[in-house]
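A note on names: the letters A, B, ... follow the listed sequences, proteins ahead of strands, and every chain is numbered from 1.
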Amino acid sequence: MSGQVIAHLDLDAFYVSVELRRRPELQGRPVYVGGRHRGVVLSASYQARARGIRSAMPSVTARRLCPDAIALAPDMEEYVEASKAVFAILDTVTDVVEGASVDEAYLDLTRTRTRLGRPEDVLADLRARILGEQGLPSSAGLGPNPFVAKMASREAKPDGLLVVPPQMVTDFLWPLPVDRMWGVGEATADTLHRLGLRTIGDLARTLPATLQRAFGPRQGEKLVELANGRDRRRLMARRPEEHERSIGAQETFPVDVYDPVIVHRELLRLAERTSARLRRARLVGRTITLSLRFANFSSLTRSLTLPEPTDLTDEIHRRAVCLYERLGLQRARVRQVGIRVEGLRDASTVSTQADLFTPEHGWREATAAIDRANLRFGPHAVQRASLTQDW
DNA sequence: TCTGGGGTCCTAGGACCC
DNA sequence: TCTGGGGTCCTAGGACCC
């Protein structure tokens, strides 16, 4: 295990940085990218953060905190393009680039020294190229494993580089507050605080059995391992979308909805989005999950597993509606609905023979035609009639 | 007009099978 | 007369990440 050299590279305020490339006049101002209606802040400039704006904060709260901040609507296509360009730069350094999301990646630099020189110089050069060629600032961390590299890049932000040699790992980690640790969210932090544990060092020195009682065997052990700077995970050379285990879509209504007819129609839209993505990825899935969030923010999920996997809009929609109807909701105020398909397999491994003798056959042909038309003429060129009606 | 949308992984109970 | 044990699948929920 020893001797690994892992880097983590993370683009700073990614969505905002992409926007600033094309609107340089906003540089230095409090700017955030966020959903407009019932949305949250997706990315905030450091000037906006100085005014208290944080990602995942409701947009209305951001506006209240800083009325003169500039709010921008997200442009995901642009961000995905920028992300691809950055990954192309990372690919020039090593074969082992593990994309963790659109704006961060792990790189294995264990074997690049003879070819490229010191890892910290490689990283400095990468950051300079990403800034020079793409106009995007980034931060990077270097450590003996992915977790330490990630923590290092986090502490290096913004626009920094932090190297944590193996013998410095505990000196680096242990003074940090537990809630800064990757893998510790709000719920875990609350429990740790109740146990009197405030720093990662406190956590590292706690008996594993104590943590396993509080968090379960796996999570308890994981916390102790990470707090001690140990992470045995091996990187995989791939993009995040290359190992998808589920595909889904969800939508929050502009206003809470009572009418089941509106929910049914939204489920059709979501089934269409989900199944189109399945087909594009040439995947089929067996388990269909319906999720609901209500006005009071409580939520539930219901799922069912089909005998054979599917990628058909109609099948997914029908099952989702069935799950919804089975709940027997009366006058529920629905805030959000979602559909997710899991148990994914390569579509080519699944026989479609049976379809030839079932009514589904016609649907498969029709669906393929709709997908082709939408590819050529845009996503909404061909839609089911019930989606084109007004509410 | 508080609280998105895309995901991953873990837990836990019951069914079912050998 | 109490009634094993393990593995896998299914379902529901929850924590976490960006």
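A donor and an acceptor atom, one from each side chain of Arg129(A) and Thr92(A), are located under 3.5 Å apart. Checking Glu325(A) against His264(A) by side-chain atom types alone, a donor-acceptor pair falls below 3.5 Å. For the residue pair Arg63(A) / Ser59(A), no side-chain donor-acceptor distance below 3.5 Å is found, with atom types taken as modelled.
Linking ILVMFWY side-chain heavy atoms closer than 4.5 Å, directly or via other members, places Ile89(A) and Tyr79(A) in a single hydrophobic cluster.
No engagement by Gly35(A) is indicated, since no non-hydrogen atom pair under 4.0 Å with the nucleic acid exists. At a threshold of 4.0 angstrom between heavy atoms, the contacts of Val255(A) are confined to the sugar-phosphate backbone, with no base atom among them. Note on Thr252(A): only backbone sugar-phosphate atoms sit closer than 4.0 angstrom, heavy atoms only; bases stay farther off. Across all strands, Arg36(A) comes closer than 4.0 Å to no nucleic acid atom at all (heavy-atom distances). Nucleic acid contact class of Gly248(A) (heavy atoms, under 4.0 Å, all strands): sugar-phosphate only. Using a 4.0 Å heavy-atom cutoff across all strands shown, Lys222(A) reaches no nucleic acid atom at all.
Distance from the side chain of Ser101(A) is smallest for dC18(C) among the nucleotides dG4(B), dC18(C), dC16(C). Between dG13(C), dC9(B), dC10(C), one nucleotide has an atom nearer to the side chain of Arg286(A) than all others, and that is dC10(C). Checking dA12(C), dT11(B), dC18(C) against the side-chain heavy atoms of Ser303(A) singles out dA12(C) as nearest. Listed nucleotides dT11(C), dG13(C), dC17(C) differ in distance to Trp182(A); the shortest reach to its side chain belongs to dC17(C). Comparing atom distances between the Glu244(A) side chain and each of dT1(B), dT8(B), dC18(C) picks out dT8(B) as nearest. Ranking dT11(C), dC18(C), dC2(B) by closeness to the Leu304(A) side chain, first place goes to dT11(C).
For dT1(B), neither phosphate oxygen OP1 nor OP2 lies less than 4.0 angstrom from any side-chain nitrogen or oxygen of Arg38(A). At dG13(C), one or more side-chain N or O atoms of Thr301(A) fall inside 4.0 Å of OP1 or OP2 (strictly under the cut-off).
The only option from Thr310(A), Val350(A), Val341(A), Thr305(A) that meets the side-chain contact (heavy atoms from CB on, under 4.5 Å) definition with Arg286(A) turns out to be Thr305(A).
In this structure, Met57(A) and Arg273(A) both approach DNA chain B, and ranking their closest nucleotides by distance from the 5' end singles out Met57(A).
If you take atom P in dC17(B) and the same atom in dT3(C), they sit 23 Å apart, rounded to whole Å.
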In residues 206-213 of chain A, what donor-acceptor pairs under 3.5 Å come from side-chain atoms, sequence neighbours left out?
unit_1    : atom_1 : unit_2    : atom_2 : d
Thr206(A) : OG1    : Asp202(A) : O      : 2.8
Gln212(A) : NE2    : Pro217(A) : O      : 3.3

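Among residues at least two apart or in separate chains, side-chain hydrogen bond (donor to acceptor under 3.5 Å, both in side chains) pairs with a member in residues 180-198 of chain A are Glu155(A)-Arg180(A).
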Starting at the 5' end of DNA chain C, what dot-bracket string do you get if Watson-Crick and G-U pairs under 3.5 Å are bracketed, crossing pairs use [ ], other-strand pairs use | and unpaired bases use dots?
-> ....||||||||||||||

